[in-house]
Protein chains: 4
Amino acid sequence: MRVNEQTKAETRQALLDAAAQAFARHGYHQTPIDSVSEAAGVAKGTIYNYFSSKEEVLHALIHDACQLAVDAAETTPGSASTHARLEAFVQANLNWARKRTPLALLFARELLGGDTRTQALIREAAAPCVEKVAAILQAGIERREIEVDAPPEALAFTFLKLTNMLLLQSWESPTSWPRLRDLPATAVSLFLHGVARAGPSRNEP
Amino acid sequence: MRVNEQTKAETRQALLDAAAQAFARHGYHQTPIDSVSEAAGVAKGTIYNYFSSKEEVLHALIHDACQLAVDAAETTPGSASTHARLEAFVQANLNWARKRTPLALLFARELLGGDTRTQALIREAAAPCVEKVAAILQAGIERREIEVDAPPEALAFTFLKLTNMLLLQSWESPTSWPRLRDLPATAVSLFLHGVARAGPSRNEP
Amino acid sequence: MRVNEQTKAETRQALLDAAAQAFARHGYHQTPIDSVSEAAGVAKGTIYNYFSSKEEVLHALIHDACQLAVDAAETTPGSASTHARLEAFVQANLNWARKRTPLALLFARELLGGDTRTQALIREAAAPCVEKVAAILQAGIERREIEVDAPPEALAFTFLKLTNMLLLQSWESPTSWPRLRDLPATAVSLFLHGVARAGPSRNEP
Amino acid sequence: MRVNEQTKAETRQALLDAAAQAFARHGYHQTPIDSVSEAAGVAKGTIYNYFSSKEEVLHALIHDACQLAVDAAETTPGSASTHARLEAFVQANLNWARKRTPLALLFARELLGGDTRTQALIREAAAPCVEKVAAILQAGIERREIEVDAPPEALAFTFLKLTNMLLLQSWESPTSWPRLRDLPATAVSLFLHGVARAGPSRNEP
DNA sequence: CATGAATGAGTATTCATTCAT
DNA sequence: AATGAATGAATACTCATTCAT
């Protein structure tokens, strides 16, 4: 039945939302699965009709977050300066983070401090996104705007971690640097140019 | 079983080492405390002769790590360029991280992804270290080498997170950027100047 | 496993019965809670579906016992001699004690030798019962049948302790005085008139 | 050596005193044995040089208390009224209870609410005391002052429990009836004559 | 499909007792 | 004889998962 399909999808999404909120706030391992079903307004056992285990819920969330990050990567303009393209990417990520805050914070937490299993999952699910960023950086390298002797993918992954670290920090502590609203510009500026005034100080020992 | 002070100190250290290793590898909450005692070669209950709770073990470790970081901060030269001083700080941290790897990785993990309680603990125990870095940055700001409109402490904390993120990453994935051996130079270079080639690209849109 | 209310109530009661038996026999602190679940024929964890802690099980039992005592107090006739009313009260208590022996013995034990917490709980839960007995004694005082210079509540509480002491003793040691079947008459007689033959011996030095 | 013998005896007594205090206050099972040795000013293990187990400490205390009760029984006059002799016995017990309060309270608690093992121990150790009281009561029975159809030992044991119940109660709750200072007179008066005014009410139904 | 009672392995912690020093 | 570190069995409680209703 059409309506039932829809209801099912809604229940699944309610569970994911509740889980994202709880996992982001208290951490995955500190969250009893009952509290997730309760917050989603269903019974304890129901969650197992949608996910085969607690871990699978986490993985589904990670997957969703990665997909949003991939989508964000794909909306970045194909032909602008490296700075502009990176900033557009961060901005797009910030956009969905504003709408899906718990999901974004959970993703950032797991990206930075998740266990090996989860990290591997992220690496796989976020690969297209990393590829896209890598392509932007590769273009920058070719244009001699960026001068780092490293595979663009490694660079891109570090960039992703950096932006998520800044996102997590600025969300949790409003007095931190950078502020949330400055995140896209500042993160990219930091990554490309650092905090130092441009000029002669560059190649100091 | 009156035992001399040295033996006691050794047992305590063995417990801390085992805990650091286990917490760093599997995460604090995923580590049964019995496994720590076992890894340290003592019986289950013995750990409670040294620490009043599992959490206190974590706190002792955090404290040790913060102390090492503070020590590292205090060895940095007082009168060199911002770049040199920061690099010396990162290098000193890398030095103890090489000797106390599990402790360093645990610290990095908790700094980036620990729960609220632990983060607060770190903020407090690492305050002198943050202050020292803040002083270095403040000097850079006054000398107009650094141009960021933010409290030096906020900047310093972000710097600390950045270096620990890079440390954690380069330790766990040897193909990442930057490589571990390049960490001090690269981390500071990234923070101060970014990855972009110096010059006209700076104030791009 | 949606189960009907009756089954739930039965399980709950089975747990309470098993707990009463075990607590009465071995004492609250000496009884492992797992043994209660086991005796009730359910798994270890099941008891926590019904009570939030071991202490709450004890409290529920105390509460039940107090309620039975209160019910007993309320069935006592309103207009008979002090002796008859007290005896009716003790008899009513003995009646439920015969049906719920472990509960009655547990109550007696906790009333006489429970820790401070439990004693306080009993005082609160048994208050209506004490009030009722106090009212009976107060009437006796007003009618000049009883001559004791003390608040009726204090008198009533001592009476309650006395009867429970005798109950516990006569249950545990069948050769004791008084015998269980004589309890109502003897306890009240002891309380009101003592064991001495009435007459001139009363105000002896 | 003489002094060593004395020191040993002092240590033993210090341990017993500390144990009596702790057991009386928190209950035997709720008292960690460390807290006893600590309160006695010796190390944890030392207690095992004096007693083979925690239970033996309790038994030694029970034994001491019983001995004091026996001593009290033996000081009672051999030829006075039943009332006077019983009162002298209770008074003598109250006398040592004032000097050794924790011991007395512990004894009362164990007498009323101790486990089977301890009760049996008390019955054995207090037998001479019970015998003495039984003899007093037997004399009363023979003189037709007391009219109860029961073995004097059973009567005596109930009398002992009654007085200890009243002692415990009046010590712990100063507003209870009877007051501590009235205990000897009131306890005996209650036991022999009850709280009712002497006279026609005696053989009421 | 949804429910929520039942399950039982897992976990942190306590504590009586031992024994090397 | 005194010490107190080490021991490990015991214990209250949690929680992911199952499955009868």
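This structure is a prediction, so every number in the text was calculated from the model and none was measured. Residue numbers start from 1 in every chain, and the chains themselves are labelled A, B, ... in the order their sequence lines are given, proteins ahead of strands.
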Length of the line joining [X]:[atom1] and [N]:[atom2], which is rounded to integer Å:
X       : N      : atom1 : atom2 : result
A:Asp34 : F:dA16 : CG    : P     : 6 Å
D:Tyr48 : E:dA20 : OH    : P     : 17 Å
C:Leu15 : E:dT7  : CG    : P     : 10 Å
B:Ile33 : F:dC13 : CD1   : P     : 19 Å
B:Asn4  : F:dA6  : CG    : P     : 11 Å
A:Ile47 : F:dA16 : CD1   : P     : 10 Å
B:Lys54 : F:dT14 : NZ    : P     : 16 Å
B:Phe51 : F:dA6  : CZ    : P     : 12 Å

**Prompt:** Taking for each residue the nucleotide of DNA chain E bearing the nearest heavy atom, is the 5' side occupied by C:Gly45 or by B:Pro32?
**Reply:** C:Gly45
**Item:** Sidechain N-carboxylate O distance under 4.0 Å for A:Glu38, A:Lys44
**Value:** no
Sugar-phosphate only, base, or nothing, as touched by [X] at under 4.0 Å among non-hydrogen atoms:
X       : value
D:Ser53 : sugar-phosphate
A:Lys44 : base
C:Tyr50 : sugar-phosphate

**Asked** Could you give the distance from CD1 (B:Ile47) to CZ (B:Phe51), rounded to the nearest 0.5 Å?
**Response** 6.5 Å
On the nucleotide [N], are OP1 or OP2 found under 4.0 Å from the side-chain N or O atoms that [X] carries?
X       : N     : answer
A:Asn49 : E:dA2 : yes
C:Thr46 : E:dA5 : no
C:Thr7  : E:dA5 : no

**Request:** Check whether more than 12 heavy atoms from other residues, nucleotides or ligands sit under 6.0 Å from atom NE2 of A:His59, and answer yes or no.
**Result:** yes
**Item:** 5′-ward residue of the pair B:Lys8/A:Thr31 relative to DNA chain F
**Value:** B:Lys8
**Item:** C:Tyr28 vs B:Val3, nearer the 5' end of DNA chain F by closest nucleotide
**Value:** B:Val3
Considering every strand shown, what is the Watson-Crick or G-U wobble mate of [N] when both distances are under 3.5 Å?
N      : result
F:dC15 : E:dG8
E:dT13 : F:dA10
F:dT21 : E:dA2

**Request:** Consider the side chain of C:Val42, meaning its heavy atoms from C-beta on, and name the nucleotide among E:dA12, F:dT7, E:dT7 that approaches it most closely.
**Result:** E:dT7
**Request:** Using the side-chain contact (heavy atoms from CB on, under 4.5 Å) rule, pick out the option among A:Leu168, A:Ile62, A:Asn164 that qualifies with A:Leu111.
**Result:** A:Asn164
**Request:** Validate the cation-pi geometry between C:Lys54 and C:Tyr28: distance from NZ or CZ to the six-membered ring centre under 6.0 Å, angle to the ring axis within 45°.
**Result:** yes
**Request:** Give the minimum heavy-atom separation between C:Val57 and C:Ala19, together with the two atoms involved.
**Result:** CG1-CB, 3.6 Å
